[in-house]
Amino acid sequence: MSIKVTLPDGSEKHFPGSISAYDVAKDISPRLADAAVCAELDGKLYDINTIIDHDVKAVFHTFSSAIGKEVYWHSTSHLMAQAVKQLFPDVLVTIGPAIDSGFYYDFDRDTNFTDEELVSIENKMKELVKADLPYLRTELSKQEASDLFAKMGETYKAELLAVIPDGDIISIYQQGDFVDLCRGPHLPSTGKIKAFKLLKSSGAYWRGDEKNKMLKRIYGISYPSNKELNEYLLFLEEAKKRDHRKIAKDLDLFSINDEVGPGLVLWHPNGAMIRHLVEAYWKEEHIRKGYKLVYTPHVGRANLWETSGHLGFYKDSMYAPMDIEGQDYYIKPMNCPFHLSIYNANLHSYRELPIKLAELGTVYRYERSGVLHGLMRVRGFTQDDAHIICTPDQLNEEVEKLITFSLNMLSHFGFEKFKIYLSTKPEKSVGEEEDWDKATASLRLAMDAQNLEYDVDYGGGAFYGPKIDIKIKDALGREWQCTTIQFDFNLPTRFDMTYVGADNAPHRPYVIHRAVLGSIERFFGTLIEYHSGNLPMWLCPTQIMVLPITDAQIEYANEINERLLLLGLRSEIDKRSEKIGYKIREAELKKIPFMCIVGKKEAENGQVALRQHTVGDLGVMSFDEAVLKLNEE
RNA sequence: GCUCAUGUAGCUCAGUCGGUAGAGCACCUCCUUGGUAAGGAGGAGGUCACCGGUUCAAAUCCGGUCAUGAGCUCCA
């Protein structure tokens, strides 16, 4: 019986009889066989030593593919669990999957793993790699598996088995003395794992539920070569350097003070200037697109929050009310009720729609203490909020405009890579099915019209409407939400919003709730990390530092500084009696884009020596030439 | 909120076995006036996060609180 194997490029390989996937790979190239971590046969993943006994389509995965990495990391997590069990036999194993970068394994143990223990686990892993133990797959019935893990005392595994349907075939993998319940596939043997590092240990709830026991998790990463591992570790180091909390300290941008309160941001002059520039640009662009700016209070009466429904569904994130003359007032967690109240203050005709009300609205939300993180997660923040009130007919056009507007604005700040998510109707929701369909369709339509790639989060929408989220990635590869475009089927009814239609009858408008930057605080943090603190010229609090070489040039330097200021450039002068090298060093460390260095020669000839941050000396030139160069940025 | 770790000068960090506080940078004063990433000398600066306990004696040991960090959980 001959076997036909079809490869991804359409080519076919014929073999006289049953053959292992490994041998097929070897037939293609010995290097592929060596590098292959698993085989995908007719769309299903198998161990590389699986025997092929019928015609199949085969794809071989190496570490370079996402699937390859997953298998590689998953096998490493088993290797780690084996080492842990050998060193600490009383520890119970739970689960240990691959993640976006690396893997983890959760153990039930009373104490946390110390750094020293991580090192000894690593050393044990090295021994097991040297032993080159094969990962052996065995299939058995659920009952057999239950008996096996019960005998081993691995109660968590038994719990996992309990939710698997009775008839299913269970697979276990064994390498050396270590057995784990696992779907697979795995590497052929531990010897394939060339370079690894255990990164950190922390707590994690069993099955991610905080009602359950806190387990001890170890995170790790592995690569087929030391070179790749070291590159990754270097990347982590570099990422640390760009952390917005560190850069903000160096550049004196903001602080969060224990006495003021956690999650509450103090914007220092440098940070405040950048924020001002961001906000000024934001306002200008919104006005240009037909938005109307509004301002609303920071607190509102309980009635308002009853009407909006926030006291019903958002109370956990709101702060306790304050009593004003016997009435409860709440500090706002959102701006919507105010914006909609502005709409309701007047009667509106269909001719006026869409109405777009925009505000940089500062809101306060309760966040659990453990989740606060620099500017990324705070308790008081400013949303670049707007509500678009439109007729159903205007929906498509408005959504399309919004997406273009958002992407343009984000790219103006230098961001290039986005991840877009569409979230659809959750189980519990308000609004008519028909409206949901229509709104969801218009979101899809708007993205398809621009050929945007997006992931769909089925059932991930808010209960009051579907949404589009645009996220940008920070230095550590984490995604942060910026733009959010959300339909609201809830508030128009709650606030009894209407407009007078062409038929002279009242109609219910659609409301789109949207933020482009999301939170100014978070956006600012992401902006800092993305640019490593080297902001584009237009966002720098100080754009030019004028540096006299000796005190004799202070007068001339003053003159240059004044002229730059008059041109609208944010210039400063460093008059201290320090050496020029010292003043340059400081300006470089403060990441100021340009320096105007003036000594005796420049003063005599009415020139300046221009120096650019990270680039270096640009040479001596006339003042006008220098201004020309500054304006190029 | 949970697990673990951490909290010493404005910043980065030392501080041994429990014996009364240290460095570098920054800051102030003086000297130096220089040509593209740190010139020199001197000075000031601390309720060792906070509260309590043990002790003749606590930055150090113990307990609690607060905050920060890495995760978990949750979200802009």
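Per chain, numbering begins at 1; letters A, B, ... match sequence-line order.
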A/Lys332 to A/Phe338 six-membered ring, cation-pi geometry met (6.0 Å, 45°):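 Geometry flag: set, cation within 6.0 Å and 45°.
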So if I take [range] and measure heavy-atom distances to RNA chain B, which residues fall below 4.0 Å?
{"range": "residues 570-591 of chain A", "value": "A/Arg576, A/Ser577, A/Glu578, A/Lys579, A/Ile580, A/Gly581, A/Tyr582, A/Ile584, A/Arg585, A/Glu588, A/Leu589"}
{"range": "residues 256-265 of chain A", "value": "A/Asp258, A/Pro262"}
{"range": "residues 412-423 of chain A", "value": "none"}
{"range": "residues 602-612 of chain A", "value": "A/Glu602, A/Ala609, A/Arg611"}

A/Leu527 and its side chain to side chain contact (heavy atoms under 4.5 Å, CB included) partner, picked from A/Ile472, A/Leu375, A/Leu539: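 So the option named by the test is A/Leu539.
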Side chain to side chain contact (heavy atoms under 4.5 Å, CB included) partner of A/Ile470, chosen from A/Thr484, A/Ile485, A/Leu452, A/Leu407: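 Of the listed options, the one satisfying the test is A/Leu407.
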Atom CG of A/Asp209 with >12 non-hydrogen neighbours under 6.0 angstrom: yes
Heavy atoms from other residues, nucleotides or ligands near CD of A/Gln481 exceed 12 (cutoff 6.0 Å): yes
Partners meeting side chain to side chain donor-acceptor pair (under 3.5 Å) with A/His268 (sequence neighbours left out):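 Residues passing side chain to side chain donor-acceptor pair (under 3.5 Å) with A/His268: A/Asp252, A/Ser255.
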Partner set under ring-ring contact (aromatic ring centres under 6.0 Å, His included) for A/Tyr104, not counting sequence neighbours: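 A/Tyr104 satisfies ring-ring contact (aromatic ring centres under 6.0 Å, His included) with A/Tyr219 only.
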ring-ring contact (aromatic ring centres under 6.0 Å, His included) partners for A/Tyr319, two or more places apart: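 Result, ring-ring contact (aromatic ring centres under 6.0 Å, His included) vs A/Tyr319: none returned.
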Paired stretches of RNA chain B - 3 or more consecutive Watson-Crick or G-U pairs, each distance under 3.5 Å: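 Counting only runs of 3 or more consecutive pairs, the stems involving RNA chain B are B:1-7 with B:66-72, B:10-13 with B:22-25, B:27-31 with B:39-43, B:49-53 with B:61-65.
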For the side chain of [X], starting at C-beta, report the closest nucleotide among [options].
{"X": "A/Tyr205", "options": "B/rA70, B/rC72, B/rU33", "result": "B/rC72"}
{"X": "A/Gln383", "options": "B/rC72, B/rA76, B/rG35", "result": "B/rA76"}
{"X": "A/Arg245", "options": "B/rU36, B/rC72, B/rA70", "result": "B/rA70"}
{"X": "A/Arg522", "options": "B/rU33, B/rC72, B/rA76", "result": "B/rA76"}
{"X": "A/Asp617", "options": "B/rU3, B/rG35, B/rU36", "result": "B/rU36"}

Chi angles and distances behind the side chain to side chain contact (heavy atoms under 4.5 Å, CB included) call for A/Ile584, A/Ile597: CA-CA 9 Å; A/Ile584 286 170; A/Ile597 296 161; 3.7 Å; yes
Test of ring centre spacing under 6.0 Å for A/Tyr105 and A/Phe103: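 Between A/Tyr105 and A/Phe103, the centre distance exceeds or equals 6.0 Å.
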Sub-6.0 Å ring centroid separation between A/Phe413 and A/Tyr530: no
5' priority, RNA chain B, between A/Met214 and A/Leu372 [closest heavy atom]: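 Here A/Met214 is the residue nearer the 5' end.
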Residue whose nearest RNA chain B nucleotide is more 5′ - A/Leu375 or A/Lys601: A/Lys601
Using a cutoff of under 3.5 Å, can you pull out all pairs of nitrogen or oxygen atoms linking the protein to nucleotides 10-12 of chain B, with atom names and distances?
unit_1 : atom_1 : unit_2   : atom_2 : d
B/rU12 : OP1    : A/Lys249 : NZ     : 3.3

Listed pairs under 3.5 Å, donor-acceptor, residues 512-524 of chain A side chains, sequence neighbours left out:
unit_1   : atom_1 : unit_2   : atom_2 : d
A/His513 : ND1    : A/His387 : NE2    : 2.8
A/Arg514 : NH1    : A/His286 : NE2    : 3.0
A/Arg514 : NH1    : A/Tyr291 : OH     : 3.2
A/Arg514 : NH2    : A/His286 : NE2    : 3.1
A/Arg514 : NH2    : A/Asp384 : O      : 3.2
A/Ser519 : OG     : A/Glu521 : N      : 3.2
A/Ser519 : OG     : A/Arg522 : N      : 2.9
A/Glu521 : OE1    : A/Thr382 : N      : 2.9
A/Arg522 : NE     : A/Met376 : O      : 3.0
A/Arg522 : NH2    : A/Met376 : O      : 3.0

N/O donor-acceptor pair, side chain A/Asp551 with base B/rU33, under 3.5 angstrom: yes
Polar pair under 3.5 Å, donor/acceptor by atom type, side chain A/Arg368, base B/rC2: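 No, the side chain and the base share no sub-3.5 Å donor-acceptor pair.
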Give every pair of a protein N or O atom and an N or O atom of nucleotides 40-44 of chain B that lie under 3.5 Å apart, one pair per line with the distance.
none

Classify the nucleic acid contact of [X] as base, sugar-phosphate or nothing, counting any heavy atom under 4.0 Å across all strands shown.
{"X": "A/Gly208", "answer": "sugar-phosphate"}
{"X": "A/Tyr104", "answer": "nothing"}
{"X": "A/Glu367", "answer": "base"}

Verdict with supporting geometry, A/Asp106 and A/Tyr205, side chain to side chain contact (heavy atoms under 4.5 Å, CB included): CA-CA 9 Å; A/Asp106 288 344; A/Tyr205 299 108; over 6 Å; no
Pairs flagged by side chain to side chain donor-acceptor pair (under 3.5 Å) wherever residues 589-605 of chain A is involved - sequence neighbours left out: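 Applying side chain to side chain donor-acceptor pair (under 3.5 Å) to every pair that reaches into residues 589-605 of chain A, excluding sequence neighbours, yields nothing.
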OP1 or OP2 of B/rC75 under 4.0 Å from side-chain N/O of A/His373: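 The answer is no; no side-chain N or O of A/His373 sits under 4.0 Å from OP1 or OP2.
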